[in-house]
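As the structure lists them, so they are numbered: ligands from 1, and atoms in each ligand from 1. Position 1 is the first residue of the sequence, and the numbers go up from there.
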Amino acid sequence: MIWKPKKDLTRYYNCYNFCMFFLGGSIFCVSFFLFMNPTASLTFIKANNCQVIGQQKNYIEQAEKYSILYINFEYQGKQFLGQACSSDLNQSDVFDGLGPYKFYYKHDQISCGSEDESFKQHSKNRIFQEDQKNEANENYRFLGADIGDDADIDEGESIDRGLLCKKDYLWSNVKIASWLCLPNNFNIADYMEPQSCFVNFFEGERAFQSGIDRAPMRDQNNFPLISYEQQAYYPKTHLICIIIFTYYNWILSLNTIFQYTSNAILKILQKNKLLIG
Ligand SMILES: *[C@@H]1O[C@H](CO)[C@@H](O)[C@H](O)[C@H]1NC(C)=O
């Protein structure tokens, strides 16, 4: 289409490539680093004797059924308390719910859900096991107390109840990305039995300490993050589409550079009579 015998459309070709270079490149970078990287970049190490000992449920803005799971586990011969999660969006698309790829921190903006009261019934807390030695009393109080959920959940400043309504996320210090969660309908009895799991000391040294101290996980920024899969879920077809339609186009757009450099090289070769043609 471009190189017709009598018509030079190189300018359009370059123009197209120029657009593709920026469009393809930026869409690829955004999708890759925004959607895939937060979960895919975490490395998980195997841990033993992982047991669910508590659960706190919330229906976050009527968009996601999310639970914090309290996990007892053993790592390098020491006992820790860690945090896992379950979510009905553990294998959902990028654009579902609040964004299953994303870690939310306290006061991050989330879109408001509907005000339907019946949704709030999802919120509850339970504890399964007491362990006096490990200050479980502390945890029991924390987990078992009726943690004024509703007040907590709805405290966020709503700016406007409309399509663009945003409010602060307040329910926990960190909401784990849903792609790292167990499914919402997991059989809790199975996970109360000791088994192996994977741990990432979320964002550094302090995670190790809060795990040993058995700090209340909902109020931690750094904690042992537990997953039952070594690798986070990601939507494979999405990733393939991103690669084909943005990354591949981006690479092709570099043709413009090669067109000029190869022409220049050809000219030099012709000058030196190394090539007849
Ligand atoms: C997400 O849920 C599916 C089943 O619905 C499960 O097989 C998978 O292991 C879960 N992902 C994680 C990270 O646990």
Problem - Heavy atoms of other groups near Phe103 CZ, more than 12 under 6.0 Å - result: yes

Exercise for the section: Classify the side-chain pair Asn72/Gln79 by whether it contains a donor and acceptor separated by less than 3.5 Å. Expected result: no

Practice task
Verify, without hydrogens or angle tests, whether Asn187 (side chain) and Ala189 (backbone) share a donor-acceptor contact under 3.5 angstrom.
Solution key: yes

Practice task
Keeping the roles fixed (side chain from Gln83, backbone from Leu225), state whether a donor-acceptor pair exists under 3.5 Å.
Solution key: no

Tabulation required: pairs of a nitrogen or oxygen in ligand 1 and a protein nitrogen or oxygen under 3.5 Å; columns are atom names and distance to 0.1 Å; otherwise 'none'.
unit_1, atom_1, unit_2, atom_2, d
ligand 1, 2 (O), Asn90, OD1, 2.9
ligand 1, 2 (O), Asn90, ND2, 2.4
ligand 1, 9 (O), Glu229, OE2, 2.6
ligand 1, 11 (N), Asn90, ND2, 2.9
ligand 1, 11 (N), Cys181, O, 3.4
ligand 1, 14 (O), Cys181, O, 3.3

Problem - Arg218 side chain to Ile68 backbone, donor-acceptor under 3.5 Å - result: no

Completion exercise
With sequence neighbours left out, the residues meeting side chain to side chain donor-acceptor pair (under 3.5 Å) with Asn14 are Thr256, Tyr260

